[in-house]
Amino acid sequence: MDVVIGQLFTGMSTGSILLLAALGLALTFGQMGVINMAHGEFIMAGCYTAYVVQQVVSATGASLLISLAVGFVVGGAMGVILEATLLRRLYHRPLDTLLVTFGVGLILQQLARDIFGAPAVNVVAPGWLSGGVEIFGAVVPKTRIFILLLAAACVAGLAAALKYLPAGRRIRAVVQNRDLAESSGISSRQTDRMTFFVGSGLAGVAGVALTLIGSTSPTIGQSYLVDAFLVVVAGGLGQLRGAVIAAFALGVLQSAVEYSTTASMAKVVAFVVIVGFLQLRPQGLFSVRARSLA
Amino acid sequence: MSGDTTSDVRRAAPGGRWRTMGGFAVAAVLLFAVAPTVLSDFRLGLLAKFLCFAIVAVGIGLAWGRGGMLTLGQGVFFGLGAYMMAMHLKLADAELYGGPGSVPDFMEIAGVRELPGWWAPFASPVFTIAAILLLPAAVAVVLGLAVFRRRVKGAYFAILSQALAAALAIYLVSRQELGGSNGLNRFRTFFGFTLNDPVNRTMLFFIASGTLLAVVAIVRQLMYSRYGELLVAVRDQEERVRFLGYDPATVKVVAYAVAAAFAGIAGALFVPIVGIISPADIGILPSISFLIGVAIGGRATLLGPVLGAIGVAWAESSFSEQFPSAWTYALGAMFVLIIGFLPRGLASVTAVRALRRRSGDGGRQSVPEQREVAV
Amino acid sequence: MAISETTVRDAIKLAVDEINADGGVLGKEIEIVAEDGASEPAVFAEKAEKLIRDDCVAAVFGGWTSASRKAMLPVFENHDALLYYPVQYEGLEASPNIFYSGATTNQQIIPALDYLAEEGVESLYLVGSDYVFPRTANAIITAYADAHGIEIKGEDYVPLGSTDFSTIVNKVRTEDADAVFNTLNGDSNVAFFREYTNVGLTADDMPVMSVSIAEEEVGGIGVENIEGQLTAWNYYQTLDSDQNTTFVGAFKDEYGDERVTSDAMEAAYTSVYVWKESVEAAESFDVADVQEAAGGVAVDAPEGTVTVDGENNHLVKTARIGEIRDDGLIHTVWESDGAIEPDPFLQTYSWADGLSVDDAEG
Amino acid sequence: MLELDAVHTGYGRATVVHGASLRVPADGVAAVMGHNGAGKTTLLRAAVGLLKVSRGTVTFDGEEITGLRPNARVKRGLAYVPQGQQCFPQLTTLENLQVVVDGKRRGRELVAQSLDLFPALTGLLGRRAGLLSGGQRQQLAIARALLTEPRMLILDEPTEGIQPSVVAEIEQTILDLTRRGGLGVLLVEQHIGFALRACGRYYVLESGRITSEGDGGAAAEHAVREAMAI
């Protein structure tokens with residue numbers, strides 16, 4: 001029993017990491033329909049932001065909190081630049097967007113390699129996040145609890161912003177009916193750019209948080225990217241709650257399979273299950289879309 | 001715009017026939033006469049490897065350029081073909097050098113003395129070749145029917161096929177009976193011919209060349225047939241095709257299966273030519289890399305993918321040596337510039353010019369515009 | 001992976017420069033032709049063939065993963081050329097065309113096990129990346145454990161590059177073995193040790209013996225997460241010898257003070273000298289002559305004197321267990337009694353009988 | 001005043017409208033009539049900027065706006081009520097209104113004003129717009145257009161597909177608006193009687209070309225029916 005509950009927590013923790021990595025995609029891919037393969041590199045940029053900030057602010061606690069804010073801006077800025085220079089002209093060619101952003105990802109990876117070197121760099125976690133909390137016999141590291149809370153806060157914040165802020169309203173309006181929004185005086189360009197800023201910013205935040213548990217190296221974004229896309233696809237486009245449920249379901253599934261077999265098997269099973277699931281429900285868990293995604 | 005595109009295809013067909021035949025002749029002379037005389041054994045082997053990529057590219061050109069399906073998981077089919085061939089070669093070597101009943105050397109080293117049961121059929125060359133020709137296509141048919149029947153959209157299809165490529169690579173790494181991360185290598189013979197012999201390696205080059213010409217011919221027939229028009233129509237206006245009474249899923253599955261079969265064959269040829277197949281050759285990265293050559297050459301053209309694939313592979317092999325970091329930038333930039341700004345590839349630059357000269361109508365040509373392409 | 005390959009290249013270049021400054025080999029200056037294997041086995045094979053056939057090099061130095069070596073092996077055998085492979089590996093291989101300057105299993109893994117057994121470890125948990133080296137290493141460890149009454153409490157593999165260790169570390173914690181034997185590769189180590197430290201496991205209550213973490217990796221993991229943990233290698237930067245002081249000094253002079261030296265780099269550096277000595281002993285660059293003369297060639301390397309074992313082309317090397325200290329460096333805490341004869345097929349260990357069938361070509 | 005001068009437009013390479021010219025006075029109503037598929041909606045979409053004009057110009061109050069994006073035209077006082085009672089279905093009625101006035105100082109006031117004009121919406125503010133009836137959605141659509149404080153309103157078949165009881169209400173609102181002054185209206189309507197009653201000038205569009213035009217009023221009905229060959 002303890003094992004089951006312990007694994008459940010582990011799964012939730014894995015899920016929250018997936019969620020954090022996928023949340024920005026739920027906006028840019030889920031809401032806008034842009035397949036941004038460089039999202040993983042935005043996450044990586046967040047990781048290195050945390051590293052750079054730590055070189056400046058050596059107090060680990062303060063640097064983590066500052067990094068979260070700076071990471072959001074850095075990720076967001078990269079997203080806006082990408083949107084303004086490339087994606088803007090590719091909105092009618094979603095599949096090509098995928099390949100173009102893959103190229104951007106390659107460039108960013110190499111850039112990181114040239115700036116920071118290929119070996120992983122170390123981001124020191126703050127003291128108050130060291131150690132773990134025992135829950136039903138399983139010790140859950142505080143870093144993971146922090147990530148879980150951060151993911152929850154990001155989801156709640158994002159949902160609230162979409163619901164209550166004027167900007168959020170505009171984002172939803174543009175997603176639901178682009179032409180109508182445009183001819184109602186809403187600038188869909190600005191709105192797209194803002195959506196992209198927030199979505200990419202969330203990738204930056206995810207990157208900062210992920211330095212708490214993983215390595216900071218040029219290829220780190222790659223390891224989250226496919227998972228993140230699958231979460232958004234399985235969750236259904238245009239809905240945050242779909243992504244939330246899909247992330248946690250995938251996390252719990254993966255850690256359960258991993259516990260009984262191997263981590264490799266878990267990964268393979270998770271992928272295959274999602275592919276199978278999408279055969280049954282190609283629209284994902286939930287789907288509300290006005291603009292159909294190619 | 002679909003109407004325009006289809007009529008362009010029609011228009012191109014009859015006039016282009018002689019030109020295509022001429023192209024074939026030139027290509028055949030280049031491959032069978034010129035290349036072996038001017039290239040060193042090593043360079044010839046390298047070119048043979050590029051030809052394998054070109055075979056994959058021809059299939060991608062059909063499925064992606066003509067059919068609008070972004071096949072991000074060709075590594076799966078390439079890997080299937082390659083591993084099946086590799087298993088056969090390992091078994092044949094074991095039989096030849098270890099005597100009847102021996103297990104392949106890498107298993108021996110790992111302390112395995114019993115051959116896993118499912119390896120056994122691959123001892124037969126006939127079975128292996130049949131499996132290489134049929135299995136990838138069969139997998140593609142099953143996968144394609146499942147996906148396209150459900151009208152899964154293009155982006156989904158791309159992400160799913162990518163996930164499958166990743167899953168297969170991870171799975172293969174964890175299978176020690178398939179060599180794990182090392183993959184399968186150290187092949188000594190190819191259907192009885194010693195691989196170390198330069199003459200036999202040249203023969204492999206010829207086999208690859210012949211295969212490439214054959215797949216190009218097949219795709220040419222498909223492109224200019226009624227089916228080819230239908231495929232382009234499905235790419236541009238899937239709904240309309242449905243209303244006309246055709247099943248778009250079937251149309252797409254055929255192209256997808258053909259592309260899969262080509263990738264499988266290319267994988268099978270890759271093994272004796274390069275001498276190794278490992279999970280590193282079939283994951284997400286190689287799968288996406290297959291696309292860039294196609295995009296550069298011109299995804300909807302017949303020869304564009306071939307030339308693009310060979311060109312990119314050649315450039316990678318020569319430039320990555322001196323400037324590994326610059327090569328990554330260049331590769332990234334190619335994705336960005338070619339696909340972002342020249343979606344019809346380099347072929348379009350010359351094709352547009354040629355058309356302009358001929359018709360003077362502003363040189364509009366078939367545009368494989370991927371707008372909201374539902375796959 | 002490309003990182004480590006780079007450092008190996010740097011070390012080789014250093015050795016070549018030194019030799020050239022000293023008059024070269026047989027009066028000839030060595031010229032380096034560099035190729036990038038792109039961490040991909042098929043590319044390694046291609047580049048190896050290019051070096052041998054187009055560039056006609058005298059010998060090739062490098063390779064990193066087992067896969068890269070396995071991919072190059074047939075190339076070197078078919079073209080009868082020489083490869084100097086500088087990385088510790090899973091053993092079970094010997095080719096007349098490859099000189100192995102890193103440790104084979106009986107110079108790294110078995111001494112590590114001997115050390116743990118000496119320290120009173122009675123149970124082990126095995127964690128590794130899912131590829132050939134960890135799989136083979138763990139098979140050896142299991143056989144050793146069976147013969148020495150050590151219990152294996154668990155054996156887990158993660159896909160290469162995996163960064164989620166919550167499940168595995170929880171299993172490790174619950175199983176409460178006396179020590180963990182870690183064959184994880186690359187960045188996975190970072191995630192593993194963070195998780196390990198964060199669930200409250202320390203080097204005191206459950207030490208981790210790692211065989212793939214060297215000086216270069218410590219920084220990325222963070223000293224605070226790995227302090228006190230153990231490694232098994234033949235060389236550490238902290239070794240106290242004249243040769244090593246010279247080597248470390250020259251390396252830092254060339255590549256910067258912040259750089260560290262590690263086992264693979266030292267082995268790569270040494271391999272160039274091994275080749276030089278062999279060529280000079282043969283008085284020829286010819287492959288067959290070098291192969292003939294190599295047996296018994298000795299080099300005073302930074303790790304101590306190494307000698308080529310002419311039977312299997314491996315080096316006779318000293319095994320050392322090190323502890324990672326807060327300076328980020330690894331300090332020797334145990335050393336084998338003298339240099340160990342390489343035994344890639346573990347033929348001198350009775351408990352290893354079932355592990356492999358000897359390579360057909362021997 | 002809105003002027004379309006020899007406008008060519010269409011979808012991709014298919015030109016639908018071939019050189020249509022019309023003029024909507026700043027204070028009056030112009031109606032465009034024609035059969036289904038004549039290109040009326042296409043013409044309007046070009047006027048508001050949702051379609052690219054390949055040849056010809058669009059001028060608004062003396063300024064050429066041919067290349068402007070739709071939202072920029074809205075800022076200059078052009079409002080558009082598209083065909084089909086369009087709304088943002090997942091937003092509530094209130095949000096549908098708010099999203100237009102966000103950032104405006106008088107936003108709250110404007111929303112209140114529009115609810116005065118369409119009191120039927122007052123009770124539906126919290127409901128998702130997608131769940132409203134066609135008539136309610138059309139009222140919402142007009143309300144949303146008016147929130148931008150337009151000087152020129154473009155209406156595409158405002159009464160099509162709406163239950164008759166509401167049609168009268170909407171027609172009345174439109175007539176009221178046109179009589180209020182300070183607002184020009186470009187109306188596309190199938191319902192010829194209403195259109196002519198409302199407009200000062202009519203245009204008949206056939207196969208993308210203006211084939212006839214004249215002054216509005218009930219007397220013109222015969223001429224229009226003739227022109228449209230009904």
Side-chain angles (χ1 to χ4, degrees), chain A residues 2-3 6-7 9-14 17-18 60 113 117-125 127 129-134 137-145 210-220 222-224 227 251 254-268, chain C residues 1-7 39 127-131 155-174 184 186-202 214-226 256 258-260 262 328:
Chain A
D2 279 4
V3 168
Q7 270 320 103
F9 270 97
T10 311
M12 299 274 285
S13 165
T14 308
I17 292 161
L18 285 176
T60 50
R113 214 168 279 138
V121 295
N122 182 31
V123 180
V124 183
L129 281 179
S130 67
V133 179
E134 192 160 329
V139 173
V140 181
K142 286 181 190 162
T143 46
R144 281 176 178 272
I145 295 175
L210 291 173
T211 59
L212 294 172
I213 55 160
S215 63
T216 301
S217 65
T219 51
I220 190 71
Q222 288 302 306
S223 40
Y224 294 102
D227 292 16
Q254 239 181 52
S255 59
V257 179
E258 184 177 341
Y259 194 84
S260 38
T261 60
T262 66
S264 299
M265 244 13 242
K267 201 105 188 147
V268 174
Chain C
M1 209 77 72
I3 345 147
S4 331
E5 292 160 353
T6 313
T7 60
S39 306
V127 179
S129 294
D130 204 347
Y131 71 108
E155 181 174 345
D156 275 310
Y157 298 95
V158 297
L160 278 167
S162 172
T163 53
D164 196 338
F165 284 89
S166 46
T167 302
I168 285 176
V169 166
N170 255 316
K171 273 172 149 175
V172 170
R173 196 182 137 274
T174 327
L184 288 171
D187 287 352
S188 292
N189 278 306
V190 181
F192 172 73
F193 276 104
R194 292 200 168 194
E195 192 81 20
Y196 197 81
T197 316
N198 280 332
V199 300
L201 294 170
T202 64
E215 283 84 347
E216 297 142 346
E217 278 85 24
V218 172
I221 296 167
V223 180
E224 68 278 9
N225 296 313
I226 198 177
E258 73 290 348
R259 293 283 296 268
V260 288
S262 68

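Reminder, nothing fancy here: chain letters follow the sequence lines and each chain counts from 1. For the numbers below, each heavy atom of this structure counts, side chains included, while hydrogens, waters and symmetry mates do not.
Both the backbone and the side chain of A/Thr14 come within contact range of chain C, judged by heavy atoms closer than 4.5 Å. Residue A/Phe9 does not touch chain C at all, counting heavy-atom pairs closer than 4.5 Å. For a residue to count as touching a neighbouring chain, one of its non-hydrogen atoms must lie under 4.5 Å from one of that chain's; by this rule A/Glu134 touches chain C with the side chain only. For chain C, the nearby parts of A/Glu258 are the backbone and the side chain; heavy atoms of each come within less than 4.5 Å. Residue C/Phe192 does not touch chain A at all, counting heavy-atom pairs closer than 4.5 Å. Both the backbone and the side chain of C/Ile168 come within contact range of chain A, each with at least one heavy atom under 4.5 Å from a heavy atom of that chain.
Using the six-membered ring where Trp is involved, C/Tyr196 and C/Phe193 have ring planes that are perpendicular, over 60° apart on the 30 and 60° scheme.
When each of A/Ser130, A/Gly131, A/Ser13 is scored by its heavy-atom pairs under 4.5 Å with chain C, the top score falls to A/Gly131. Comparing A/Thr262, A/Ile220, A/Val133, A/Val121 by how many heavy-atom pairs each has under 4.5 Å with chain C, the most go to A/Val121.
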For residues 210-219 of chain A, dump all side-chain donor-acceptor pairs below 3.5 Å to protein atoms at least two apart in sequence or in another chain.
unit_1, atom_1, unit_2, atom_2, d
A/Thr211, OG1, A/Val208, O, 2.5
A/Ser217, OG, C/Asp187, OD2, 2.5

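Closest heavy-atom contact between C/Arg194 and A/Val123: NH2-O, 2.9 Å. Closest heavy-atom contact between C/Asp130 and A/Ser264: OD2-OG, 2.7 Å.
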Task: Check against side-chain contact (heavy atoms from CB on, under 4.5 Å), C/Thr163 and A/Tyr224 - done: CA-CA 9 Å; C/Thr163 53; A/Tyr224 294 102; 3.4 Å; yes

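No hydrogens or angles considered: nothing links the side chains of C/Asp164 and C/Ser162 as a donor-acceptor pair under 3.5 Å.
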